[in-house]
Amino acid sequence: MTSVRISDDALALACGADAVAAAFAAAGCTVERVSSWGMHWLEPLVEIGGMGFGPATPEDVATILSGRSAKAIGRIAEHPFIARQQRLTFARAGKTRPLSPEDYTASGGWAALERARSMAPTQVVAEVTRSGLRGRGGAGFPAGIKWQTVLSAAGSRKYVVCNADEGDSGTFADRMLMEGDPFQLIEGMAIAAHAVGAAQGYIYLRSEYPHAIRKLNAAIALAEAQIAPFRIEVRVGAGAYVCGEETSLLNSIEGKRGEVRAKPPLPALEGLFGCPTVVNNVLTLAAIPHILSEGGASRYDNLGIDRSRGTMPIQLAGNIRHGGLFETAFGITLNELVYEIGGGTASGRPVKAAQVGGPLGAYIHPRQFDQPFDYEAFAQADGLIGHGGVVVFDDTANMGALARFAFQFCAAESCGKCTPCRIGSVRGVELIDRIRGSAPVADPVTALPQMHNARKSAPSRAEDLTLLEDLCETMQYGSLCALGGFTPYPVRSALKHWPEDFA
Amino acid sequence: MTRAERIAEICAAHAALEGPLLPILHTVQAEFGCVDAEAEQVIAHELNFSRAEVHGVVSFYHDFLPEADPRPFIELCRAEACQARGVEALVAPAEAAAGDRVKLKAVYCLGLCSVGPAARVGETLHARLDASTLVKLVESA
Ligand SMILES: Cc1cc2nc3c(=O)[nH]c(=O)nc-3n(C[C@H](O)[C@H](O)[C@H](O)COP(=O)(O)O)c2cc1C
Ligand code: SF4
Ligand code: FES
């Protein structure tokens, strides 16, 4: 009987994987549901004896089985998109059944936890520090230093919290990892718990990911004995983007409004319920089992450039021909990512811009695409790599409209704690509308009767642009967290490179 | 059992959790389609919070609705990556098809950013939408 492998990842399901799987089963095949390889333009991707076919529909079943399908892509592992990657965190992608403890153990699972538990906590932390691993959630803070702070903190009650709020548009690596290899995240958390002395862990998972919630809950139940006495519980978010910010996330788990807390105190010292807490992104924690395997830390450190060590699961999204998950060592350029690997736009039109690092990331012009993918290089160019999302736009995109969207998103998602963000974002939308409008209009606020001394005439375009820069500066330096503080990045970069879109 | 009794029961079932409020609100929202003023009052009483505290939390999060909406729901992603793949052009035809019968809600990212435009109906996800598939989805909702 022919054995067929098809992913049961949410993206594959959205593209119709269940119907394809049912059609193969009806044709007498054994169907195995595995994780996704991450070649999203080919989903649903069918694998038979290592050979791939995609994107498959139920109508393709007969031709695929007869070996004459035009959708054959050859051996999947040798496909250029896969062969060019260095998959450490996603080593199992496409290969194992997500909820099979046998598959996980057979592919090296739990060895790192066993090794870590034979070591002293300080040694575990030292290996994480040596690996150079930095937080994959956005800020890029060294994981080892954070763990050391929690380990050294006084107190007997400590927590490990996994940030699985993945709200950035253009990112899906956390989702793929949780749905495709949930045990690896659980193992990473258990190692973190041993390293810092925590008994309880939480995974804060956004409500937009129902499939990931179900898989993780199932995986936690299956792994209970392995990780005991450590316990993990999934907590579901409630549709607030800002709850991805770590202190807002902690408030949310505590059952409060997801307002950002002022730092200090650091969550590492006073985090969940006031106790020392490790807060790490899914990808940070999922990188841990590799690092804690024998000699893993130095292998990890050998990859990458400068202070960006190891690999980054990059997500190619938006208007791109070959979208999907591309894990590689730091240092690759956007040119390679967008053109060589991504194949340019899906629409076939010229690339206009790429937004890197989610809604708070800068819009990058193709002439800057030679910039290496690395935390410092992006920061220097007034951008951020954030969670590693790359969203490509073709020449039909209007950058003025996208700058407006950045303010609008900030206004909708602001936690409301500080004025530059809460009010500045609303004023930003109005200001961009004025700048992009055809005729100059007076500011509705200065036009109010009680504004005695304010000027009643409409400001000129030049004056409005100065005001916009002023607003961006106020938000950048006056906001408590990066939602208000980084919204100026997409706005400014759009205005700088595409002023014609603001006419 | 009255509604208030049922909500009190939900609160009791979550009593052992650290920080039980969000899980309680999710359960109430799922069961009654909203967390309204009456529900807030019962929850506040059960957890020994003020009503203002509970209302502050409920109103902060997009997932909790102050009143139930009996219409079918379609959540359409309107975030950047789906914009790059043309979702904005689908909004007008989808809204026309939805009318007052279907609630078309904007959401920001479903994690399907390489195969957008994307939408979610309950737990079912839809990708690679165009005007005609989205309109069909709305009509069959
Ligand atoms: C508005 C905002 C949203 C954020 N969203 C996320 C998120 O969805 N996932 C995440 O891991 N980090 C997010 N972060 C970063 C977290 O605050 C924090 O830096 C991270 O969870 C730390 O883990 P790491 O060191 O492993 O990256 C966000 C930050 C801000 C300001
Ligand atoms: S910048 Fe915005 S989201 Fe961040 S703390 Fe201030 S108001 Fe809240
Ligand atoms: S931006 Fe639409 S699914 Fe991510």
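To find a chain, count down the sequence lines: A is the first, B the second, and so on, and within it residues start at 1.
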Open item on the list: Quick check on A:R321: does its CZ atom have over 12 non-hydrogen neighbours (other residues, nucleotides or ligands) under 6.0 Å away?
Closed with: no

Task: For chain A, the option from B:E53, B:E88, B:Q83 that forms the most heavy-atom pairs under 4.5 Å - done: B:Q83

Open item on the list: Counting only non-hydrogen atoms closer than 4.5 Å, does A:A10 touch chain B with its backbone (N, CA, C, O), its side chain (CB onward), both, or neither?
Closed with: both

Task: Residue part contacting chain B, namely of A:D168, when any heavy atom lies under 4.5 Å - done: backbone

Open item on the list: So for B:F49, is it side chain, backbone, both, or neither that comes closer than 4.5 Å to the heavy atoms of chain A?
Closed with: neither

- [ ] Tell me, for A:A401 versus chain B, whether the close heavy atoms (under 4.5 Å) come from the side chain, the backbone, both or neither.
- [x] neither

TODO: Go through the atoms of A:L402 and report whether side chain, backbone, both or neither lie under 4.5 Å from a heavy atom of chain B.
DONE: side chain

- [ ] Heavy-atom pairs under 4.5 Å with chain A are the metric here; pick the option from B:V107, B:L17, B:V54 that has the most.
- [x] B:L17

- [ ] Please assess A:F393 against A:V351 for the test side chain to side chain contact (heavy atoms under 4.5 Å, CB included), listing each intermediate value before the final yes or no.
- [x] CA-CA 6 Å; A:F393 294 82; A:V351 175; over 6 Å; no

- [ ] Below 4.5 Å from any heavy atom of chain B, which atoms of A:V242 appear? Answer side chain, backbone, both or neither.
- [x] side chain

TODO: Determine, stepwise, if the pair A:Y159 / A:F273 fulfils side chain to side chain contact (heavy atoms under 4.5 Å, CB included).
DONE: CA-CA 9 Å; A:Y159 292 98; A:F273 302 107; 3.7 Å; yes

Open item on the list: What part of A:T171 gets within 4.5 angstrom of chain B, counting heavy atoms only: side chain, backbone, both, or neither?
Closed with: backbone

Task: Backbone of B:T2 reached by a side-chain donor or acceptor of B:E5 within 3.5 Å - done: yes

Task: Proximal component of B:H26, with respect to chain A [non-hydrogen, under 4.5 Å] - done: side chain

TODO: Against chain A, work out which of B:H62, B:E80, B:E123 has the most heavy-atom pairs shorter than 4.5 Å and name it.
DONE: B:E80

Task: B:H45, NE2 atom: more than 12 neighbouring heavy atoms under 6.0 Å - done: no

- [ ] Could you tell me which portion of A:C415 (side chain, backbone, both or neither) has an atom closer than 4.5 angstrom to a non-hydrogen atom of chain B?
- [x] both

- [ ] Under 4.5 Å heavy-atom distance to chain B, tell me which part of A:Q200 shows up: side chain, backbone, both or neither.
- [x] side chain

Open item on the list: Between A:E259 and A:R261, does any NZ, NE, NH1 or NH2 come within less than 4.0 Å of an OD or OE carboxylate oxygen?
Closed with: no

Task: side chain to side chain contact (heavy atoms under 4.5 Å, CB included) between A:H387 and A:Q315, worked out - done: CA-CA 9 Å; A:H387 190 45; A:Q315 298 125 86; 4.0 Å; yes

Open item on the list: Less than 4.5 Å to any heavy atom of chain B: does that hold for the side chain of A:Y241, its backbone, both, or neither?
Closed with: neither

- [ ] Pick one of side chain, backbone, both or neither for A:Q355, based on which atoms fall under 4.5 Å of a heavy atom in chain B.
- [x] side chain

Task: Interface moiety of A:H322 toward chain B, non-hydrogen atoms closer than 4.5 Å - done: neither

Task: Which portion of A:S347 sits near chain B, non-hydrogen atoms under 4.5 angstrom - done: neither

Open item on the list: Are there residues of residues 111-118 of chain B whose heavy atoms fall under 4.5 Å of chain A's heavy atoms? If so, which?
Closed with: B:G111, B:L112, B:C113, B:S114, B:V115

